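In what follows, a single structure is set out as structure tokens and then discussed.
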Amino acid sequence: MQNNTTKKQPLYVIILLILAAEAVFILPFVLQRIFRTTFLESFSITDTELGSCFAAYGIVALVSYLFGGPLADKFKPHVLMSFALMLTALGGFYLATYPNLYNLHILYAFWGFTTIFLFWAAMIKATRIWGGSNKQGIAFGFLDGGRGLVAALFGSVGVIIFSLFITTDIEITTIAERRLAFKEVISYSSIAVMGIAVITYFFLRFSETESTTSENPSKLLTLENFKLVMQYRAVWLLMVIILCAYYGYKMTDLFSKYAEDVLGYNKIEAAKVGTYLLYLRPAIGVVIGLLADRTKASLWIIIGFLLMTATSVIFYLGIINDSTTLLFILSIGTMALGVYSTRVLYFATLEEAKIPLAVTGTAVGFISVVGYTPDIFAGLVMGYFLDANKGAVGLQHTFGVMALIALVGLIAAILFYTFTTKKERKIRSLNNMI
């Protein structure tokens, strides 16, 4: 196994991984993050109803994480990932028909299957293989940072397409006109995702066959692998860390809404806020990844949670308004730094926790069952507060919840850091004795 994890992999592989890893989530998540209010208007739904769509996604994803993890230990990543992208793109073409709320729930449940069961663990395992034994920080840093760049580019193109199909001033357009323009954004995004599916299938190949991938997929679930994964204390802490970090990432959906509802931006300006924020991810991903490889990934996760907690409190206190634009920019930038730092590194800690590569898929699936439950409840929680208290007050309440969750993540990250540090010292002591 060691040879498999240390042999240098081609640079183009991580580039394709980055492209595929974000493309699969453009339709379910990125478009509504950038065009939040336009999405709600176009489908005639509320924040709570959108949250219920995410809950449908999350429920299917919950099961998919458990079974998709072992699947990734049996099949080649490029096969699973390309098939997932193709199915997700087909769902995008259906989204462009503006289905009713009931069918929108079914679509998001379908995406829970395509993006998670077929894609997620395969993508994480492929990234870990590319990073080898000593470059996990930079591998996952490239992955998440690059994903941010891809999302930003999709967002920028989406804003341009949306603007091109708005023939009058955005403030005087009707909902029907905005629906037509947004339909074009969805359609072009779906075509792009389908193209990336084809590229992934033919070109996402490693320089050697992954020796940890079985050619016999007859047994997708092995109790022995789950028992092995559950023995690692770090696995249980990672569940909490990822849950809290992912909830923070879901909160970034609200920045464009905050800009529109509190600072008075128009819809295009608000969409640009969400897009510009995504351009921070590449720089943060690469820098944090490099720092993590020189220190410890868990140390930077601690710092990330500290930043998330502090900025959440600032938003909760309600001191950011249309007269404090600079504070708004600094605050969302700082929170983005915290959110993206934790997001970049939480799977890079698999190597720090000494979890075997051969059970990476199983470990990722098991951890994700709890870690990604915000897919189920985050949208509902945010939607409840936003619909119960319109405008600034509702947004303050959502950031108050965020502050509490970030604090829990901070505690879990400190425990993880302490545990892995003690374990490393013990291993070094034993090696010195030998």
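Counting begins at 1 with the first residue of the sequence. Every value quoted in this text rests on a predicted model; they were computed, and no experiment measured them.
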TODO: May I ask you to establish whether Lys183 and Tyr188 are in a cation-pi arrangement, using a distance under 6.0 Å from NZ or CZ to the six-membered ring centre and at most 45° from the ring axis?
DONE: no
Task: Contact check, side chains of Glu22 and Val30, non-hydrogen atoms, under 4.5 Å - done: yes
Open item on the list: Does the plane of the ring in Phe315 sit parallel, tilted or perpendicular to the ring in Tyr258? Use 30° and 60° as the thresholds.
Closed with: perpendicular
Open item on the list: Are Val24 and Val193 packed together at the side-chain level, in the sense that at least one heavy-atom pair is separated by less than 4.5 angstrom?
Closed with: no
- [ ] State which residues pass side chain to side chain contact (heavy atoms under 4.5 Å, CB included) with Thr37; sequence neighbours excluded, sorted by chain then number.
- [x] Glu260, Lys267
Task: Partner residues of Leu101 under the side chain to side chain contact (heavy atoms under 4.5 Å, CB included) criterion, sequence neighbours left out - done: Ile45, Glu49, Cys53, His105
Task: Interatomic distance, Ile284 atom CD1 to Arg343 atom CZ [nearest 0.5 angstrom] - done: 12.0 Å
TODO: Verify, without hydrogens or angle tests, whether Glu41 (side chain) and Thr38 (backbone) share a donor-acceptor contact under 3.5 angstrom.
DONE: no
Open item on the list: Rounded at 0.5 Å granularity, tell me how far OG1 in Thr334 sits from CG in Leu306.
Closed with: 12.5 Å
Open item on the list: Quick check on side-chain hydrogen bond (donor to acceptor under 3.5 Å, both in side chains): which of Tyr108, Tyr247, Tyr246, Tyr57 does Asp375 satisfy it with?
Closed with: Tyr246
Task: Shortest non-hydrogen contact from Arg128 toward Pro356 - done: NH1-O, 3.5 Å
Task: cation_pi(Arg179, Tyr98) dist<6.0 Å, angle<=45 - done: yes
Task: Shortest non-hydrogen contact from Ile301 toward Ala413 - done: CG2-CB, 3.8 Å
Task: Distance-minimising heavy-atom pair for Ser368 and Val364 - done: OG-O, 2.6 Å
Open item on the list: The test is side chain to side chain contact (heavy atoms under 4.5 Å, CB included); show your working for Lys257 and Leu386 and say whether it passes.
Closed with: CA-CA 10 Å; Lys257 184 177 180 64; Leu386 293 173; 4.0 Å; yes
TODO: Give a yes or no answer on whether the side chain of Gln32 reaches the backbone of Phe29 with a donor-acceptor pair at less than 3.5 Å.
DONE: yes
Open item on the list: Would the distance check show the side chain of Thr48 and the main-chain N or O of Gly383 forming a donor-acceptor pair, the cut-off being under 3.5 Å?
Closed with: yes
- [ ] Kindly compute the distance separating CD (Gln396) from CD1 (Ile314), expressed to the nearest 0.5 Å.
- [x] 13.0 Å
- [ ] First locate atom CD1 of Ile411, then atom CG of Leu237, and finally report the distance between them rounded to the nearest 0.5 Å.
- [x] 12.0 Å
Open item on the list: Heavy-atom count check: over 12 atoms from other residues, nucleotides or ligands less than 6.0 Å from Phe377 CZ?
Closed with: yes
Open item on the list: Taking ring pair (Phe, Tyr, Trp, His ring centres under 6.0 Å) as the definition, give me every residue that meets it alongside His78, ordered by chain and number, with sequence neighbours left out.
Closed with: Tyr201
Open item on the list: What's the separation between atom OG1 in Thr97 and atom CG in Asn103, rounded to the nearest 0.5 Å?
Closed with: 8.5 Å
Open item on the list: How close do Ala297 and Glu352 get, counting heavy atoms only, and between which atoms?
Closed with: N-OE1, 3.3 Å
TODO: Mark yes or no for whether Trp120, through its side chain, and Ala61, through its backbone, hold a donor-acceptor pair below 3.5 Å.
DONE: no
- [ ] Compute the centroid of each ring, for Phe83 and then for Phe119, and state whether the two points are separated by less than 6.0 Å.
- [x] no
TODO: Go through the steps for Leu62 and Val370 under the test side chain to side chain contact (heavy atoms under 4.5 Å, CB included), then give the verdict.
DONE: CA-CA 8 Å; Leu62 190 71; Val370 173; over 6 Å; no
Task: Short side-chain to backbone donor-acceptor contact, Asp144 and Gly285, under 3.5 Å - done: no
Task: side chain to side chain contact (heavy atoms under 4.5 Å, CB included) against Leu107, all qualifying residues, sequence neighbours excluded - done: Tyr94, Leu95, Leu104, Phe110, Trp111
Task: ring pair (Phe, Tyr, Trp, His ring centres under 6.0 Å): pairs with one or both residues in residues 155-174, sequence neighbours excluded - done: Phe35-Phe162
Task: Check: Trp300 ring centroid to Phe305 ring centroid under 6.0 Å - done: no
Task: Pairing of Lys390 and Asp261 as salt bridge, 4.0 angstrom limit - done: no
TODO: Taking the side chain as every heavy atom from C-beta outward, state whether Ile320 and Val262 have any pair of such atoms under 4.5 Å apart.
DONE: no
Task: Side-chain heavy-atom pair Arg147, Leu19 within 4.5 angstrom cut-off - done: no
Open item on the list: Tell me every residue that passes side chain to side chain contact (heavy atoms under 4.5 Å, CB included) with Leu16, counting only those two or more places apart in sequence or in another chain.
Closed with: Tyr12, Ile199, Phe203, Leu204
TODO: Starting at CD1 of Ile303, measure out to OG1 of Thr295 and round the result to the nearest 0.5 Å.
DONE: 8.0 Å
- [ ] Check whether any side-chain heavy atom of Ser189 lies under 4.5 Å from a side-chain heavy atom of Leu27, and answer yes or no.
- [x] yes
Open item on the list: Please check if the number of heavy atoms outside Phe93 that lie under 6.0 Å from its CZ is greater than 12.
Closed with: yes
TODO: Using the side chain to side chain contact (heavy atoms under 4.5 Å, CB included) rule, take Phe54 and Met382 through it: C-alpha gap first, then chi angles, then the decisive distance, then the call.
DONE: CA-CA 11 Å; Phe54 290 140; Met382 289 185 282; over 6 Å; no
Open item on the list: Testing the 3.5 Å rule here: is there a donor-acceptor pair between the side chains of Tyr249 and Arg33?
Closed with: yes
Task: Donor + acceptor pair across side chains of Thr173, Arg178 (<3.5 Å) - done: yes
- [ ] Compare every heavy atom of Thr420 with every heavy atom of Ser298, then report the nearest pair and how far apart it is.
- [x] OG-OG1, 4.2 Å
Task: Ile241 side chain reached by Thr342 side chain, heavy atoms, under 4.5 Å - done: no
Task: Step-by-step side chain to side chain contact (heavy atoms under 4.5 Å, CB included) determination, Met308 to Leu337 - done: CA-CA 8 Å; Met308 290 162 61; Leu337 177 60; over 6 Å; no
- [ ] Evaluate the side-chain proximity of Leu243 to Pro374: yes if any heavy-atom separation is below 4.5 Å, no if none is.
- [x] yes
Task: Any Lys125 side-chain heavy atom under 4.5 Å of Ile129 side chain - done: yes
- [ ] Report, as yes or no, whether the 6.0 Å neighbourhood of atom CZ on Phe39 holds more than 12 heavy atoms from other residues, nucleotides or ligands.
- [x] yes
Open item on the list: Could you report the tightest heavy-atom contact between Ala72 and Ala122, atom names first, then the distance?
Closed with: CB-N, 3.5 Å
Task: N/O donor-acceptor pair under 3.5 Å between Glu269 side chain and Asn266 backbone - done: yes
Open item on the list: Taking side chain to side chain contact (heavy atoms under 4.5 Å, CB included) as the criterion, tell me which of Thr127, Leu238, Ile242 meets it with Phe347.
Closed with: Ile242
- [ ] Mark yes or no: Lys354 above the aromatic ring of Tyr232, with NZ or CZ under 6.0 Å from the six-membered ring centre and no more than 45 degrees from the axis.
- [x] no
Task: CZ (Phe419) with more than 12 external heavy atoms under 6.0 Å - done: yes
